[in-house]
K.L.:
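Below is a structure I'd like to ask you about.
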2 protein chains.
Amino acid sequence: MQSIYGKCPFATTQRVLQGKWAIVVLFQLSSGKKRFNQLEKSLPEITRTALTRQLRQLEEDKLIIRTVYPEVPPRVEYLLSPIGDKFKKVLDEIEIFGLDYIAQLIS
Amino acid sequence: MQSIYGKCPFATTQRVLQGKWAIVVLFQLSSGKKRFNQLEKSLPEITRTALTRQLRQLEEDKLIIRTVYPEVPPRVEYLLSPIGDKFKKVLDEIEIFGLDYIAQLIS
DNA sequence: CTGGATCCCACGCGATACTG
DNA sequence: CAGTATCGCGTGGGATCCAG
């Protein structure tokens, strides 16, 4: 099961992107750090539980960094890690492709 | 559930890439058309059934084209569709990112 | 405000056997 | 050679309730 790691850059990336909301969350963070509530509002289709799970997964995968400010009320910020930042190049191409793809589906 | 379509290029692409073997299969086809057996040999970790399913899914998603030659023994070739071809740009960035990411995980 | 803890179900995926 | 059919299970994801 771990055989996929350290081998193929495509299989490894695939694994990270398996989470249903991985790409959209990474996109939301590509423009800078965001608080949990901001993400929630930006993604009306995702439930709070699902968003939390996806954020935890991305954090475990070292793509994002979670910072908790011990305040009242609590404030938690998410931002791309250095390696997560490098994923923005992928996001750019995904956006180009996605728009093209959607247009293709319609016609 | 279909609300994801025609909206966000990231969510749409995410959906296509959900299949566990989508990216690696697309990569295999990015270098040109391949026969079923070729794909199977290139991907030793994927079972025949899973490969078939993934190919069917990608075909349904209009990213690949399946051509059956009515011969004996049968020959079936897969190749990227025009829109699938445009996904190669994404693959290029995924490869760059993936290699970087793997290196990051080791250190 | 930002979650955690459960429950629960559908679907994805693997394994196996069979086929034109 | 290139599949199909079927089954069974594990897990991802939604819903709901609870909490610091």
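Keep in mind it's a predicted model, so treat the numbers as computed, not measured.
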K.L.:
Rounded to the Å, how far apart are E40(B) CD and dT4(D) C1'?
P.N.:
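Atom CD in E40(B) sits about 14 Å away from atom C1' in dT4(D).
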K.L.:
Of all the heavy-atom pairs spanning Q14(A) and W21(B), show the shortest one and how long it is.
P.N.:
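Residues Q14(A) and W21(B), closest heavy atoms: OE1-C, 3.9 Å.
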K.L.:
Are any non-hydrogen side-chain atoms of K41(B) and N37(B) less than 4.5 angstrom apart?
P.N.:
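They are in side-chain contact.
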K.L.:
Considering heavy-atom distances to DNA chain D, does Q18(A) or R48(A) have its closest nucleotide positioned more toward the 5' end?
P.N.:
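This one resolves to Q18(A).
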K.L.:
Could you give the NZ-to-P distance, from K33(B) to dA2(D), as a whole number of Å?
P.N.:
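Rounded to the whole Å, the gap is 13 Å.
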K.L.:
Please confirm whether the shortest side-chain N or O distance from R66(A) to OP1 or OP2 of dT2(C) is below 4.0 Å.
P.N.:
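Checking dT2(C) against R66(A), no side-chain N or O comes under 4.0 Å of OP1 or OP2.
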K.L.:
Return the residues of residues 50-58 of chain B meeting this criterion: a heavy atom under 4.0 Å from some atom of DNA chain C. Order them by number, or give none.
P.N.:
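Within this stretch, A50(B), R53(B) sit under 4.0 Å of the strand.
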K.L.:
Main chain of G98(A), side chain of T12(B): is a donor-acceptor contact present, judged purely on distance under 3.5 Å?
P.N.:
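Checked: no pair found.
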K.L.:
Could you check how far CD1 of I46(B) sits from C1' of dA2(D), rounded to whole Å?
P.N.:
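Distance check: I46(B) CD1 to dA2(D) C1' gives 14 Å.
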K.L.:
Among K33(B), R66(B), R35(B), K34(B), which one satisfies salt bridge (Lys or Arg N to Asp or Glu O under 4.0 Å) with E77(B)?
P.N.:
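Exactly one candidate clears the test, K33(B).
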K.L.:
From CG of N37(B) over to P of dC1(D), roughly how many Å is that when rounded to an integer?
P.N.:
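Atom CG in N37(B) sits about 5 Å away from atom P in dC1(D).
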K.L.:
Write down the distance between NZ (K41(B)) and C1' (dG3(D)), rounded to a whole number of angstrom.
P.N.:
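Atom NZ in K41(B) sits about 16 Å away from atom C1' in dG3(D).
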K.L.:
Would you kindly give the CD-to-P distance between Q38(A) and dG3(C), to the nearest whole Å?
P.N.:
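Between P of dG3(C) and CD of Q38(A): 13 Å.
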K.L.:
Would you tell me if any nitrogen or oxygen in the side chain of R35(A) comes within less than 4.0 Å of OP1 or OP2 on dC1(C)?
P.N.:
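No, no such contact exists.
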K.L.:
Per the side chain to side chain donor-acceptor pair (under 3.5 Å) rule, what does the pair list look like for residues 46-56 of chain B, sequence neighbours excluded?
P.N.:
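Passing the test, one end in residues 46-56 of chain B: E40(B)-R48(B).
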K.L.:
Atom CH2 of W21(B) to atom P of dC13(C): distance rounded to whole Å?
P.N.:
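In whole Å, dC13(C) P lies 9 Å from W21(B) CH2.
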K.L.:
Grouping I, L, V, M, F, W and Y whenever their side-chain heavy atoms are under 4.5 Å apart, do I94(B) and I83(A) come out in a common cluster?
P.N.:
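They do share one cluster, since a chain of ILVMFWY contacts under 4.5 Å joins I94(B) to I83(A).
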K.L.:
Can you sort out which residues in residues 69-78 of chain B have a heavy atom within less than 4.0 Å of DNA chain D? Ascending by number, please.
P.N.:
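Of all residues in residues 69-78 of chain B, the ones placing a heavy atom under 4.0 Å from DNA chain D are P73(B), P74(B), R75(B), V76(B), Y78(B).
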K.L.:
What nucleotide, of dG3(C), dT4(D), dG3(D), holds the atom closest to the side chain of T49(B)?
P.N.:
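Per side-chain heavy atoms of T49(B), the pick is dT4(D).
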K.L.:
Between F87(A) and F97(B), what is the ring plane arrangement, given parallel below 30°, perpendicular above 60°, and tilted in between?
P.N.:
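Plane angle over 60°, so perpendicular.
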K.L.:
Please tell me if the side chains of I64(A) and L26(A) come closer than 4.5 Å, counting only heavy atoms from C-beta onward.
P.N.:
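Counting from C-beta outward, I64(A) and L26(A) do come under 4.5 Å.
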K.L.:
Return the value, rounded to whole Å, for the distance between atom CG of L43(A) and atom C1' of dG13(D).
P.N.:
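It works out to 15 Å between those atoms.
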K.L.:
So, does T13(B) use its side chain to make a donor-acceptor pair with the main chain of F10(B) at under 3.5 Å?
P.N.:
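No, the answer is negative, given that no donor and acceptor are paired below the 3.5 Å cut-off.
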